[in-house]
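Single-structure report; data block below.
Chain letters run A, B, ... following the sequence lines, proteins first and then strands; every chain starts at 1.
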Protein chains: 2
Amino acid sequence: MLEQIQPTEDPLQMLIDNFKQFFPLSTNEQDEVKRLFTQRIVKRKVFLLQEGEVCRHYYFVVSGCFKMFAIDTNFREHNLQFAAEGDWIADFQSFYNEEPSRLYIEAVEPAIVLQIQHKDLLYLYTNYHKFDRNFRIIIERKLMEYQNRILLNISTNADERYVVFQKQYPQLINRLPSTQIASYLGITSEFLSKIRKKASGKKQ
Amino acid sequence: MLEQIQPTEDPLQMLIDNFKQFFPLSTNEQDEVKRLFTQRIVKRKVFLLQEGEVCRHYYFVVSGCFKMFAIDTNFREHNLQFAAEGDWIADFQSFYNEEPSRLYIEAVEPAIVLQIQHKDLLYLYTNYHKFDRNFRIIIERKLMEYQNRILLNISTNADERYVVFQKQYPQLINRLPSTQIASYLGITSEFLSKIRKKASGKKQ
DNA sequence: TTCAATCCTTAAACTAGTTTAAGGGTATTT
DNA sequence: AAATACCCTTAAACTAGTTTAAGGATTGAA
């Protein structure tokens with residue numbers, strides 16, 4: 001497969017447009033965004049963050065796809081989150097507390113991100129009410145997503161979690177290997193195979 | 001047991017003090033808090049929210065303890081969260097989108113809360129940068145908590161989740177019946193009994 | 001073009017967690 | 001003081017999900 005990492009639109013404009021769904025940015029605020037966010041091209045399998053490092057940036061994904069995961073004592077990966085076009089990603093705990101992270105962020109496809117440093121984000125928060133407000137809303141939405149996922153994890157079996165994943169992230173189903181999806185769902189890829197077989201049998 | 005619902009301190013002062021760990025409120029902002037938050041005394045087993053209702057308030061818990069849960073198609077409860085002194089609780093999805101909730105919030109102990117209406121919170125957000133900022137931080141912290149819980153759910157077994165719960169919420173272990181804790185951990189209370197037996201056996 | 005790595009599936013044996021049922025214990029309500 | 005609801009544990013039978021192993025299919029790298 002050829003690398004399709006060129007977005008059709010200007011990345012910074014994409015970011016500015018993304019803020020429009022909340023409280024649109026003034027010209028001045030847009031200029032600050034242009035000044036403080038840096039574009040970065042990321043090849044497949046490159047890490048934006050590795051365990052033990054401090055998460056220095058907050059990332060807006062322009063194109064491509066990332067996974068954020070932890071590795072347990074048996075060297076198994078557990079996917080906490082995927083992030084594709086229009087998503088934000090960072091390990092908050094590490095980013096805000098400036099402490100070493102337990103997580104990895106890795107490109108599963110060639111990608112483009114816009115990144116902002118901790119101190120620059122704090123500058124935006126301090127000097128512009130709107131960034132505090134917009135990021136409050138971005139984080140609230142992520143919180144709802146996480147809350148729904150927790151509810152799903154404690155109340156349903158793997159079959160149902162897979163069905164919900166298919167409905168919720170149809171664009172990711174075909175982009176990600178099923179090992180990665182299994183890891184996100186909290187099951188083994190062998191068991192996901194069983195689930196898929198059972199499900200395809202039912203339909204036909 | 002007698003009802004111990006009288007906090008030692010003035011509830012509104014507790015709330016104002018709570019904000020101090022973030023960005024302390026000015027006198028003017030404190031006055032707005034006093035004007036817009038209402039105290040409410042809640043008896044055990046009383047609901048602040050029931051499925052189908054819109055979540056009209058955001059609650060700060062002054063004393064007592066709540067559980068937020070969903071009921072599945074088999075009429076089983078699944079605890080999404082507990083909230084004790086100093087915690088904030090609401091169903092965000094319902095509160096911000098003003099749509100019917102799928103959740104219940106119920107007092108598991110007699111409690112006192114301070115509640116604010118949606119429109120009044122929006123008023124604070126709009127007119128005072130600091131409330132947007134402080135609530136951004138409150139929500140970020142909740143997000144980290146949820147993220148850790150998801151990681152735990154997808155990467156460990158019930159034994160380990162119980163150990164982590166004990167460490168993380170030592171004050172709740174003795175206040176909540178173990179049926180409620182099992183529901184939070186995503187297991188049956190019968191299985192939690194097994195875990196406890198195994199764990200107590202190991203220690204002696 | 002070949003080699004190595006990762007991916008996907010299957011199956012058999014195993015283990016973690018559920019279900020159903022039952023009994024005794026403790027609060028809470030009347 | 002009695003009645004009721006809820007709580008906690010145990011155990012036996014069951015089911016969901018894991019482990020180990022193996023083989024073929026794709027993909028990426030050299």
Side-chain angles (χ1 to χ4, degrees), chain A residues 1-5 43-46 65 67 69 71-79 106-110 152-163 165 172-202, chain B residues 1-5 43-46 65 67 69 71-79 106-110 152-163 165 172-202:
Chain A
M1 194 167 83
L2 291 174
E3 302 203 352
Q4 312 169 297
I5 55 171
K43 291 191 181 144
R44 209 173 86 93
K45 298 201 179 182
V46 166
C65 189
K67 61 178 177 180
F69 61 95
I71 295 185
D72 69 16
T73 48
N74 301 316
F75 307 104
R76 263 170 249 243
E77 291 184 16
H78 301 280
N79 281 338
E106 182 187 348
V108 293
E109 294 174 355
L152 210 61
N153 281 339
I154 64 176
S155 68
T156 69
N157 62 16
D159 299 46
E160 204 159 329
R161 297 203 302 273
Y162 181 59
V163 170
F165 183 86
L172 290 182
I173 281 280
N174 303 313
R175 284 165 73 177
L176 293 168
S178 64
T179 42
Q180 296 304 321
I181 296 172
S183 163
Y184 176 94
L185 296 175
I187 57 176
T188 60
S189 79
E190 290 84 355
F191 191 58
L192 180 53
S193 254
K194 270 195 206 174
I195 290 175
R196 284 177 143 171
K197 193 183 178 190
K198 200 170 34 167
S200 73
K202 269 184 194 162
Chain B
M1 193 167 83
L2 289 174
E3 302 201 353
Q4 312 169 296
I5 55 171
K43 289 190 183 147
R44 209 172 86 93
K45 297 201 182 186
V46 166
C65 187
K67 61 178 177 180
F69 61 95
I71 296 185
D72 70 17
T73 49
N74 300 317
F75 308 104
R76 264 172 249 243
E77 292 184 14
H78 301 279
N79 282 338
E106 182 186 348
V108 293
E109 295 173 356
L152 210 61
N153 281 340
I154 64 176
S155 68
T156 69
N157 62 15
D159 298 48
E160 204 159 329
R161 298 202 304 272
Y162 181 58
V163 170
F165 183 86
L172 289 181
I173 282 280
N174 302 312
R175 282 165 73 176
L176 294 167
S178 64
T179 43
Q180 296 303 322
I181 295 172
S183 163
Y184 177 94
L185 296 174
I187 57 175
T188 59
S189 80
E190 290 83 355
F191 191 58
L192 181 52
S193 254
K194 270 195 205 172
I195 291 175
R196 284 178 143 170
K197 193 185 176 186
K198 199 169 34 167
S200 73
K202 271 185 194 160

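Checked by atom type and distance alone, the side chain of B:S189 never pairs as donor or acceptor with a backbone atom of B:A182 at under 3.5 Å. Without hydrogens or angle criteria, B:N79 side chain to B:S183 main chain gives no donor-acceptor distance under 3.5 Å.
In this structure, A:I154 and B:H78 approach most closely via the heavy-atom pair O-ND1, 3.5 Å. The shortest heavy-atom contact between B:Y162 and B:L192 is CD1-CD1, 3.7 Å. Residues A:D72 and B:S155 share a closest heavy-atom pair of OD2-O, 4.5 Å.
Looking at A:K194, its side chain comes within 3.5 Å of the base of D:dT18 through a donor and an acceptor atom.
In this entry the distance linking NZ of B:K197 with C1' of D:dT10 reads 7 Å, nearest Å. In this structure, B:L176 atom CG and D:dC7 atom C1' are separated by 13 Å, rounded to whole Å. The interatomic distance linking B:I187 (CD1) with C:dT15 (C1') rounds to 15 Å, in whole Å. Rounded to an integer number of Å, the gap from B:K198 NZ to C:dA16 C1' is 8 Å. For B:Y162 and C:dA16, the OH to P distance is 18 Å, given to the nearest whole Å. Rounded to an integer number of Å, the gap from A:K45 NZ to C:dC7 P is 7 Å. We find that CD of A:E106 is positioned 11 Å from P of C:dT6, with the value rounded to whole Å. The CD1 atom of B:I154 sits 16 Å away from the C1' atom of D:dT18 (whole-angstrom rounding).
Of the candidate nucleotides C:dT9, C:dG17, D:dT10, C:dT9 has the atom lying nearest to any side-chain atom of A:S178.
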Dot-bracket line, read 5' to 3' along DNA chain C, where crossing pairs take [ ] and | marks a partner on another strand, Watson-Crick or G-U under 3.5 Å: ||||||||||||||||||||||..||||||
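Every side-chain contact (heavy atoms from CB on, under 4.5 Å) that A:T156 has, sequence neighbours left out, goes to A:L152, A:E160, A:R161.
In terms of position on DNA chain D, the residue among A:E190 and B:L192 whose nearest nucleotide sits closer to the 5' end is B:L192.
Across all strands shown, B:S193 has heavy atoms under 4.0 Å from base atoms, whether or not it also approaches the sugar-phosphate.
Taking only side-chain nitrogens and oxygens, B:T188 comes nearer than 4.0 Å to OP1 or OP2 of C:dT18. Between A:R161 and D:dA16 there is no side-chain polar atom (N or O) within less than 4.0 angstrom of OP1 or OP2.
Of the candidates A:R44, A:K43, A:K67, A:R175, A:R175 is the only one forming a salt bridge (charged side-chain N to carboxylate O under 4.0 Å, His left out) with A:E109.
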